Amino acid sequence: MSIISRIFGKEKIKAATISLVGPPKSGKTTLVRYLTTGEPVLEPVPTTLGIDVRKNAVNISGWSLTAIDTGGQETYRQAFWELSIQQADAVIFVIDATVRESTDPKGFSLMEKQFEYLVKVMPEDMPLLILLNKQDLVDFSPMNIEEAVTVFPKDLLHGRIMSFVACSAKFGQGVQEAITWLIDRMNE
Ligand SMILES: Nc1nc2c(ncn2[C@@H]2O[C@H](COP(=O)(O)OP(=O)(O)OP(=O)(O)O)[C@@H](O)[C@H]2O)c(=O)[nH]1
Ligand SMILES: [Mg+2]
């Protein structure tokens with residue numbers, strides 16, 4: 001991992017870059033907004049057109065984390081995901097946990113296809129966090145971790161440094177757990 005350590009005055013701050021990828025409208029930009037403001041994101045955010053490499057940095061537990069927010073549409077996947085991952089120390093794959101094969105077959109198969117692409121282009125030793133987002137939409141019984149484990153092919157996850165976290169980027173539930181997992185991997 002290419003973690004950069006910098007010295008700011010006497011305090012040592014470690015910096016890392018996190019690539020956010022995943023299907024369109026899964027909540028990547030909402031997550032960035034929640035992380036940078038610490039407030040619920042009640043208004044919809046604009047669709048990401050391409051890649052957003054503005055310095056979306058947050059300081060947590062001695063780390064300065066910069067998010068690269070990547071558009072989820074297929075054209076942006078083809079153009080930017082690999083580039084986004086190449087700049088990163090870890091990847092978060094954000095999914096809308098209410099999208100199931102039975103209720104939204106198109107959305108589900110896009111997610112599967114994009115995940116297969118992701119594991120092809122990301123290094124095997126790069127930490128991968130799969131976020132099961134939109135847990136606040138309880139009326140849709142969003143996928144929990146138990147179900148997600150059956151959805152993601154085991155052979156694609158085998159040997160990877162990875163985890164699932166259920167969250168709501170909109171309200172922040174589970175976000176702390178997600179970031180803690182990533183920081184723990186960085187500290188290793
Ligand atoms: N209920 C709920 N809605 C969410 C959550 N996260 C995102 N959304 C909504 O989902 C929609 C899409 O969110 P974005 O953050 O723009 O999704 P994205 O993954 O960045 O989408 P692209 O930029 O197109 O790839 C918006 O209307 C958000 O308000 C969540 O945790 N819960
Ligand atoms: Mg976006």
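Worth saying up front: this structure is predicted, and the values here are computed from it rather than measured. Just so you know, ligand 1 is whichever comes first in the structure, and atom 1 is the first atom listed for that ligand.
Taking CZ of Phe93 as the reference point, atom CG of Leu131 lies at 10.5 Å (rounded to 0.5 Å).
Residues Ile161 and Arg185 have side chains in contact (heavy-atom distance under 4.5 Å, counting atoms from C-beta outward). Within the 4.5 Å cutoff, the side chain of Lys106 has no heavy atoms near those of the Leu110 side chain. Two residues are said to be in side-chain contact when any heavy atoms from C-beta on lie closer than 4.5 Å; Ile92 and Leu182 meet this criterion. For the pair Ile18/Met186, a side-chain contact is recorded, criterion being any heavy-atom separation below 4.5 Å from C-beta on. Looking only at side-chain heavy atoms (C-beta outward), Val21 and Leu118 come within less than 4.5 Å of each other. Using a 4.5 Å heavy-atom threshold, the side chains of Asp69 and Ile51 count as separate.
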Identify all N/O pairs between ligand 1 and the protein with a separation under 3.5 Å and present them as a table of atom names and distances.
unit_1: ligand 1; atom_1: 1 (N); unit_2: Asp136; atom_2: OD2; d: 2.8
unit_1: ligand 1; atom_1: 6 (N); unit_2: Asn133; atom_2: ND2; d: 3.1
unit_1: ligand 1; atom_1: 10 (O); unit_2: Lys134; atom_2: NZ; d: 3.1
unit_1: ligand 1; atom_1: 15 (O); unit_2: Thr29; atom_2: N; d: 3.4
unit_1: ligand 1; atom_1: 15 (O); unit_2: Thr30; atom_2: N; d: 2.8
unit_1: ligand 1; atom_1: 15 (O); unit_2: Thr30; atom_2: OG1; d: 2.6
unit_1: ligand 1; atom_1: 17 (O); unit_2: Gly27; atom_2: N; d: 3.1
unit_1: ligand 1; atom_1: 19 (O); unit_2: Ser26; atom_2: N; d: 3.2
unit_1: ligand 1; atom_1: 19 (O); unit_2: Ser26; atom_2: OG; d: 3.4
unit_1: ligand 1; atom_1: 19 (O); unit_2: Gly27; atom_2: N; d: 2.9
unit_1: ligand 1; atom_1: 19 (O); unit_2: Lys28; atom_2: N; d: 3.0
unit_1: ligand 1; atom_1: 19 (O); unit_2: Lys28; atom_2: NZ; d: 2.7
unit_1: ligand 1; atom_1: 20 (O); unit_2: Thr29; atom_2: N; d: 3.0
unit_1: ligand 1; atom_1: 20 (O); unit_2: Thr29; atom_2: OG1; d: 2.9
unit_1: ligand 1; atom_1: 21 (O); unit_2: Lys25; atom_2: N; d: 2.9
unit_1: ligand 1; atom_1: 23 (O); unit_2: Thr48; atom_2: N; d: 2.8
unit_1: ligand 1; atom_1: 23 (O); unit_2: Thr48; atom_2: OG1; d: 3.0
unit_1: ligand 1; atom_1: 25 (O); unit_2: Lys28; atom_2: NZ; d: 2.8
unit_1: ligand 1; atom_1: 25 (O); unit_2: Gly72; atom_2: N; d: 2.8
unit_1: ligand 1; atom_1: 31 (O); unit_2: Asn133; atom_2: OD1; d: 3.1
unit_1: ligand 1; atom_1: 31 (O); unit_2: Asp136; atom_2: OD1; d: 3.4
unit_1: ligand 1; atom_1: 31 (O); unit_2: Ser168; atom_2: OG; d: 3.4
unit_1: ligand 1; atom_1: 31 (O); unit_2: Ala169; atom_2: N; d: 3.0
unit_1: ligand 1; atom_1: 31 (O); unit_2: Lys170; atom_2: N; d: 3.2
unit_1: ligand 1; atom_1: 32 (N); unit_2: Asp136; atom_2: OD1; d: 2.7
unit_1: ligand 1; atom_1: 32 (N); unit_2: Asp136; atom_2: OD2; d: 3.4

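At least one cation-pi condition fails for Arg100 and Phe108: the charged atom is not both under 6.0 angstrom from the six-membered ring centre and inside a 45 degree cone around its axis.
Tally of protein N, O or S atoms closer to the Mg ion (ligand 2) than 2.8 Å: 2.
A centroid separation of less than 6.0 Å is found between the aromatic rings of Phe152 and Phe164.
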